[in-house]
**Student:** 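Below is one structure. I have some questions about it.
Within every chain, numbering begins at 1; the chains are lettered A, B, ... in the order of the sequence lines, protein sequences first and strands thereafter.
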Amino acid sequence: MGVNLSDLTEPKSMEMEDLRGKKVAIDTYNIVYQFMSAIRQPDGYPLCDSKGRTTSHLTGLLHRTASLIEAGIEPVFVFDGKPHPLKQATLDGRKERREKAEQEWKDAVERGDMKTAHTKAQQTSRMTDEVKESAKELIRYMGLPIVDAPSDGEQEAAYICRRNDVWATASQDFDSLLFGTPVLLRNLTMTGRRKIPGKDIYREIKTEVIDSEEFLRNLGISREQLVDMCILMGTDFNTGIKGIGPKKALKLVRDNGDLESVLRKIGEDIPDYQEIRGIFLDYEGSDDYSVEHGPLDRQAVVDMLTSYDFSADRVNSALDRIESARKEEERKRKQKALDAWF
DNA sequence: CGCAGCAA
DNA sequence: TTGCTGCGT
């Protein structure tokens with residue numbers, strides 16, 4: 001979930017063409033979660049193979065990747081590592097909400113209320129080891145780079161973006177801004193259609209770009225102050241102070257300078273706040289990664305996905321999109337090199 | 001979610 | 001071409 005800064009951002013929408021040729025670090029946990037939650041049957045059950053293995057994330061990844069590559073975007077898939085101990089409360093909270101939703105889902109199915117069933121089922125989505133490993137396997141067969149974050153995926157994504165190994169971090173969450181990503185992309189989907197939660201209405205969704213420097217300039221604060229602000233509101237690593245949302249937190253930090261002064265002023269305390277600051281600000285990531293893609297192993301992808309009961313035709317047509325996009329990029333690259341020569 | 005197929 | 005619906009596994 002992470003910190004919610006949507007009220008403070010004025011995102012600029014972006015044309016897909018502006019992303020051509022750019023490498024983007026994907027917060028893989030974030031997209032896999034979206035697929036697991038969204039790609040479901042009407043009663044809420046996820047797509048499964050005959051062995052009972054979930055396949056929603058594999059369908060999602062295959063098609064999303066094909067679209068990204070067709071748009072000339074080079075995805076780098078960043079995976080979460082071991083969560084920071086201070087994140088435990090957040091993880092426990094998520095588990096509790098999942099279990100509650102699980103019960104409500106079953107109840108709804110029993111009384112035949114499929115609409116509620118579907119909504120509740122979406123809230124039970126969980127990234128299991130099996131899901132994570134199968135996602136990695138598919139990405140590997142597609143020849144795309146995987147970065148294993150030592151801890152938080154958004155943290156490492158922001159790090160490789162700061163090192164200029166990718167141009168942007170893609171996530172629906174805002175945490176990578178706290179982690180210092182220079183550029184954040186939200187709604188990195190090609191088909192600009194998205195269902196409004198709860199209603200049967202579709203709305204156009206454009207990819208949004210948030211430039212960190214511009215974002216901070218507009219707020220009139222530093223990244224350090226943004227982190228302090230979010231610690232006041234609550235992050236994945238702390239609960240924050242009741243009654244303080246984005247607006248109040250911004251004003252308090254602007255008026256008082258830093259978190260210490262704010263806490264003194266309002267007579268509150270936040271345990272471990274210095275350590276939480278450190279998580280966001282003093283991260284030295286793993287340099288042991290590559291962001292280059294290799295060849296697509298078509299046979300391996302087809303073999304893997306047909307073992308999950310995918311239709312070979314569908315898989316092949318998605319892979320055709322990847323291959324012809326790659327060829328097209330290659331052609332353009334050669335042409336460009338030729339033009340530069342003459 | 002996003003594709004494919006069909007309607008307008 | 002664009003929009004809608006249903007299906008994927």
Side-chain angles (χ1 to χ4, degrees), chain A residues 1 15-17 19 24 26-73 75 77 101 105 109 114-115 117-128 130-135 137-139 141-142 144 170-173 185-208 298 300-325:
Chain A
M1 195 90 281
E15 292 311 316
M16 241 44 240
E17 211 39 47
L19 296 172
V24 173
I26 309 281
D27 175 9
T28 314
Y29 173 86
N30 194 262
I31 58 162
V32 165
Y33 185 86
Q34 282 174 29
F35 293 146
M36 303 259 295
S37 137
I39 307 179
R40 283 172 185 270
Q41 301 168 46
D43 58 4
Y45 279 91
L47 264 44
C48 282
D49 71 358
S50 54
K51 301 184 189 80
R53 299 178 295 181
T54 304
T55 55
S56 299
H57 61 300
L58 299 175
T59 310
L61 273 173
L62 176 70
H63 293 119
R64 176 72 66 85
T65 302
S67 301
L68 289 173
I69 291 175
E70 235 167 20
I73 298 166
F77 291 91
W105 172 22
V109 171
M114 290 310 155
K115 182 119 183 120
H118 194 92
T119 314
K120 294 297 172 186
Q122 288 187 308
Q123 298 164 8
T124 67
S125 309
R126 188 170 152 252
M127 175 86 116
T128 59
E130 191 179 290
V131 166
K132 185 173 167 179
E133 290 312 314
S134 53
E137 191 182 357
L138 175 59
I139 293 165
Y141 293 152
M142 290 192 290
L144 296 163
S171 179
Q172 291 308 100
D173 295 344
L185 294 178
R186 301 186 71 233
N187 308 325
L188 185 59
T189 58
M190 306 304 122
T191 68
R193 281 169 80 244
R194 190 162 304 174
K195 211 170 166 180
I196 305 300
K199 306 213 166 192
D200 283 327
I201 306 165
Y202 288 90
R203 175 165 70 100
E204 274 297 306
I205 301 283
K206 287 233 169 189
T207 297
E208 295 171 348
R298 181 182 276 264
V301 174
V302 173
D303 286 348
M304 172 182 176
L305 293 181
T306 49
S307 91
Y308 281 91
D309 302 340
F310 279 57
S311 119
D313 280 356
R314 285 172 192 271
V315 175
N316 275 306
S317 76
L319 296 181
D320 286 344
R321 290 170 61 200
I322 295 178
E323 259 175 1
S324 52

**Student:** Heavy atoms under 4.0 Å, any strand shown: does Ser37(A) hit a base, just sugar-phosphate, or nothing?
**Tutor:**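 Nothing: the residue Ser37(A), judged by heavy atoms under 4.0 Å, touches no strand.
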**Student:** Using whole Å, report how far CD of Glu70(A) lies from C1' of dG2(B).
**Tutor:**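 Interatomic distance, CD of Glu70(A) to C1' of dG2(B): 12 Å.
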**Student:** Base, sugar-phosphate, or nothing for Thr54(A), non-hydrogen atoms under 4.0 angstrom?
**Tutor:** nothing
**Student:** Could you tell me which residues satisfy side chain to side chain donor-acceptor pair (under 3.5 Å) with Thr59(A), sequence neighbours excluded, listed by chain and number?
**Tutor:**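 Result, side chain to side chain donor-acceptor pair (under 3.5 Å) vs Thr59(A): none returned.
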**Student:** Salt bridge (charged side-chain N to carboxylate O under 4.0 Å, His left out) with Glu15(A): which residues, sequence neighbours excluded?
**Tutor:** Lys206(A)
**Student:** Rounded off to whole Å, could you give me the CG-to-P distance for the Leu58(A) and dG8(C) pair?
**Tutor:** 16 Å
**Student:** Going by salt bridge (charged side-chain N to carboxylate O under 4.0 Å, His left out), name the residues that satisfy it together with Glu133(A), two or more places apart in sequence or in a different chain.
**Tutor:** none
**Student:** Can you list, in residue-number order, the parts of residues 315-325 of chain A that come under 4.0 Å of DNA chain B, counting heavy atoms only?
**Tutor:**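 Ser317(A), Arg321(A), in order of number.
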**Student:** Could you check how far CZ of Arg314(A) sits from P of dC1(B), rounded to whole Å?
**Tutor:** 18 Å
**Student:** In whole Å, I'd like the distance from the CG atom of Leu62(A) to the C1' atom of dC1(B).
**Tutor:**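 Those two atoms, CG and C1', are 12 Å apart.
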**Student:** Would you say Asn30(A)'s side chain and Gln172(A)'s backbone share a donor-acceptor pair under 3.5 angstrom?
**Tutor:**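 Looks like yes, one N/O pair under 3.5 Å.
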**Student:** Quick check for you: among dT9(C), dC3(B), dC1(B), whose closest atom lies nearest to any side-chain atom of Ser67(A)?
**Tutor:** dC3(B)
**Student:** Among the nucleotides dT9(C), dC3(B), dG8(C), which one has an atom lying closest to any side-chain atom of His63(A)?
**Tutor:** dC3(B)
**Student:** Please enumerate all residues that pass side chain to side chain donor-acceptor pair (under 3.5 Å) together with Tyr141(A), with sequence neighbours excluded.
**Tutor:**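 For Tyr141(A) the side chain to side chain donor-acceptor pair (under 3.5 Å) partners, ignoring immediate neighbours, are Glu137(A).
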**Student:** I need the CZ-P distance between Phe35(A) and dC7(C), as an integer number of Å.
**Tutor:** 22 Å
**Student:** Does the side chain of Thr207(A) come under 3.5 Å of the side chain of Asn187(A) through a donor N or O and an acceptor N or O?
**Tutor:** no
**Student:** According to salt bridge (Lys or Arg N to Asp or Glu O under 4.0 Å), does anything in residues 36-57 of chain A pair up with another residue at least two apart or in another chain? List the pairs.
**Tutor:** Asp49(A)-Arg53(A)
**Student:** What is the distance from CG of Leu138(A) to P of dT9(C), rounded to the nearest Å?
**Tutor:**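 Whole-Å distance recorded here is 13 Å.
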**Student:** Using a 4.0 Å heavy-atom cut-off across all strands, classify Arg53(A) as base, sugar-phosphate, or nothing.
**Tutor:** nothing
**Student:** Quick one: Ile31(A) CD1 to dG2(B) C1', roughly how many Å, whole number?
**Tutor:** 13 Å
**Student:** Between atom CG in Asp313(A) and atom P in dT9(C), what is the gap in whole Å?
**Tutor:**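 About 10 Å, once rounded to whole Å.
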